[in-house]
Amino acid sequence: MKNSVWLTALLLLTAILGCQREEVIPEASPTPMVDRFVVVEDVVAGQEVVVAGSEALNLLVSYERRLPDGTLLEFKSTQQSLPQMLVDNEGNVWDVFGQAINGPRTGQRLTPTYSMMAYWFVAGAMYPGVEIYGAGTSSPVLNLTEDPDWDIPTDNLFWGSSWNAIPAIDNPEYLVFKQRDFLDGFFLGSKDLVIGTSINGAARAYPHAILNYHEIVNDQLGGEDITVAWCPLAGTSTIWDAETQQGLTTFGVAGLLHNNNLILYDRASESVWSQVYGKCIHGPARGETVAHFPMIETSWETWQKIVNEPEILAEPTGINFDYSVDEFAWYKSVDDEIYYGVDFLDPRVRAKERVHCIIVGETAKVYRFQDFR
């Protein structure tokens, strides 16, 4: 009898506990998958800008806040997945390329800032005392040589190689990346960097892995003639309009470096141009500036979130380079390894830290990934 009572009580207790377990363990609700961005509204040399990005996505972009019609927009993050990025006070949704994809201004585009990613030491050398977002400026004392034939101080102008020793790509080839076509692997890893742009609705990516060996691509995209340039020593990327005041041209690698930054030459007049300054610094076109196209430098995996089945610069045929080998991998990780002299070495930030640099006239301001976590 005692055993029967004990068994009954045990069964009853088990049933009660089982019910309690069902009540206290709710069914998990799915977490929405979104790309979270930090948005900063700021002023650079009187120009109202918005800077948006994510350290996790290796992505920073910037645009002017004031529209051509005079409207000054206020922005915040959409907290949605790429390519969506910003929403404004009028209810417009803007993508990562600065194009309104929803709302009353659908189809309009924000004006991109003249900006680029760069290694900190280059920003500090090209714009001594440059302002750092949240940290102010410094006041270095410089004593540089002025050369009447050049628009730059020539103290730290060096020959890194000879004229055309690094071959620009003049007849680029492309492929459309579909994951199913590369199940055995692709020459780019998910964290490898690419330069991406969208011009008149056409998008294309240019991998650093290829540009390390060529530095310049003369191309056409969206009906525009463009020059894509990458400097592996300075960590700077730009996309220029190839239509200059001298006429339509293509560019080559001059072999000169200023503060370790790439100098190009145009094949129309053989004038030489500073990549960071975006202007001709010596030769017949001296003083002329170039127009630029909006550009994004980010990881290959993030670019695939922005553009579905993206078109990408393919490995050139007939050239014997192993593009899977990054010959600058060690250089990027060693701060005290800077090949050539610089006008000023600013110690406020680690030398090879990648920063987003906005340039307005003779003024620059940098933004660090740590502020976009």
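In what follows, every heavy atom counts, from backbone to side chain, and hydrogens, waters and symmetry copies are set aside.
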May I ask you to check whether Asn212 and Trp230 show a side-chain donor-acceptor distance below 3.5 Å? yes

Just so I know, are the side chains of Asn261 and Tyr119 near enough to count as touching, which here means a heavy-atom distance under 4.5 Å? no

Between Thr145 (side chain) and Thr154 (backbone), is there a donor-acceptor pair under 3.5 Å? no

Taking Arg286 for the side chain and Lys279 for the main chain, is one N or O donor matched with an acceptor at less than 3.5 Å? no

For a quick test of reading the model, state the closest non-hydrogen atom pair linking Trp330 to Glu337 and the distance between them. CZ3-CG, 3.3 Å

Tyr331 ring centre to Lys352 NZ or CZ under 6.0 Å, with the angle to the axis within 45°? yes

Please identify each residue that fulfils side chain to side chain donor-acceptor pair (under 3.5 Å) with Asp343, with sequence neighbours left out. Asn156, Asn259

To check you understand the geometry: which heavy-atom pair defines the closest contact between Ser54 and Phe37, and what is its length? CB-CD2, 4.0 Å

Would you call Asn260 and Val342 a side-chain contact if the rule is heavy atoms closer than 4.5 Å? yes

Could you give the distance from OG1 (Thr78) to CD1 (Ile101), rounded to the nearest 0.5 Å? 8.0 Å

Are Phe177 and Trp300 an aromatic pair by the rule of ring centers under 6.0 Å? yes

Give the C-alpha distance, both sets of side-chain angles, the deciding distance and a yes or no for side chain to side chain contact (heavy atoms under 4.5 Å, CB included) between Arg105 and Leu67. CA-CA 11 Å; Arg105 295 186 184 271; Leu67 301 180; 3.4 Å; yes

To the closest 0.5 Å, what do you measure between CD (Glu215) and OG (Ser237)? 11.0 Å

State whether Glu301 and Lys191 are salt-bridged, where the test is any N-O pair (Lys NZ or Arg NE/NH1/NH2 against Asp/Glu carboxylate O) under 4.0 Å. yes

Just so I know, are the side chains of Glu224 and Phe293 near enough to count as touching, which here means a heavy-atom distance under 4.5 Å? yes

Minimal heavy-atom distance between Val276 and Tyr114, with the atoms involved, is O-OH, 3.0 Å

Over all heavy atoms of both residues, which pair between Thr197 and Trp303 is shortest? Give the atoms and the distance, please. N-CH2, 3.5 Å

Answer yes or no: is there a donor N or O on one side and an acceptor on the other, between the side chain of Asp35 and the main chain of Leu82, under 3.5 Å? yes

Between Tyr277 and Tyr127, is any pair of side-chain heavy atoms under 4.5 Å apart? yes

NZ of Lys76: more than 12 outside heavy atoms within 6.0 angstrom? no

Can a salt bridge be assigned to the pair Arg65 and Asp88 using a cut-off of 4.0 Å between side-chain N and carboxylate O? no

For Arg109 against Ser198, the heavy-atom pair lying closest together: NH1-O, 3.6 Å

Determine, for Tyr174 and Arg204, whether the Lys NZ or Arg CZ falls below 6.0 Å from the six-membered ring centre while staying within 45 degrees of the axis. yes

Which distance, rounded to the nearest 0.5 Å, do you find between the OH of Tyr206 and the CE of Met295? 12.5 Å

Using the ring centroid of each side chain, check whether His292 and Trp240 are separated by less than 6.0 Å. no

With a 4.0 Å cut-off, would you call Asp336 and Arg350 a salt bridge? no

If you measure from CG on Leu110 to CG on Leu73, what distance do you get to the nearest 0.5 Å? 7.0 Å

Sequence neighbours excluded, which residues qualify as side chain to side chain donor-acceptor pair (under 3.5 Å) partners of Glu41? none

Taking the side chain from Ser271 and the backbone from Cys280, do they hold a donor-acceptor pair closer than 3.5 Å? no

With a sphere of 6.0 Å drawn around CD of Glu362, does it hold more than 12 non-hydrogen atoms of other residues, nucleotides or ligands? no

Relative to each other, are the rings of Phe321 and Tyr323 parallel, tilted or perpendicular (30° and 60° limits)? perpendicular

Do Lys365 and Asp42 meet the salt-bridge criterion of a basic N to acidic O distance under 4.0 Å? yes

Do Glu64 and Val50 have side chains that approach each other closer than 4.5 Å (heavy atoms only, starting at C-beta)? no

Does CG belonging to Asn171 count more than 12 external heavy atoms closer than 6.0 Å? no

Nearest heavy-atom neighbours spanning Ala364 and Val130: O-CG2, 3.3 Å

Compare all side-chain heavy atoms of Leu57 with those of Thr298 and state whether any distance is below 4.5 angstrom. no

For the backbone of Tyr63 and the side chain of Thr113, can you confirm whether one donor and one acceptor N or O come within less than 3.5 Å of each other? no

Considering only heavy atoms from C-beta outward, does the side chain of Asn92 approach that of Pro104 to under 4.5 Å? yes

Between Tyr265 and Gly255 (side chain of the first, backbone of the second, donor and acceptor by atom type, cut-off under 3.5 Å), is there such a pair? no

Atom CG in Asp149, atom CD1 in Ile281: separation rounded to 0.5 Å? 12.0 Å

Under the side chain to side chain contact (heavy atoms under 4.5 Å, CB included) criterion, do Arg66 and Thr71 qualify, and how do the steps go? CA-CA 6 Å; Arg66 193 171 295 279; Thr71 303; over 6 Å; no

Taking the six-membered ring for Trp, are Trp273 and Phe251 closer than 6.0 Å centroid to centroid? yes

Between the CD1 atom in Ile216 and the CG atom in Leu211, the distance rounded to the nearest 0.5 Å is 10.0 Å

In the structure I gave you, are the side-chain heavy atoms of Phe186 and Leu175 within less than 4.5 Å of one another anywhere? yes

Exam field: side chain Glu288 to backbone Gln245, donor-acceptor pair closer than 3.5 Å: yes

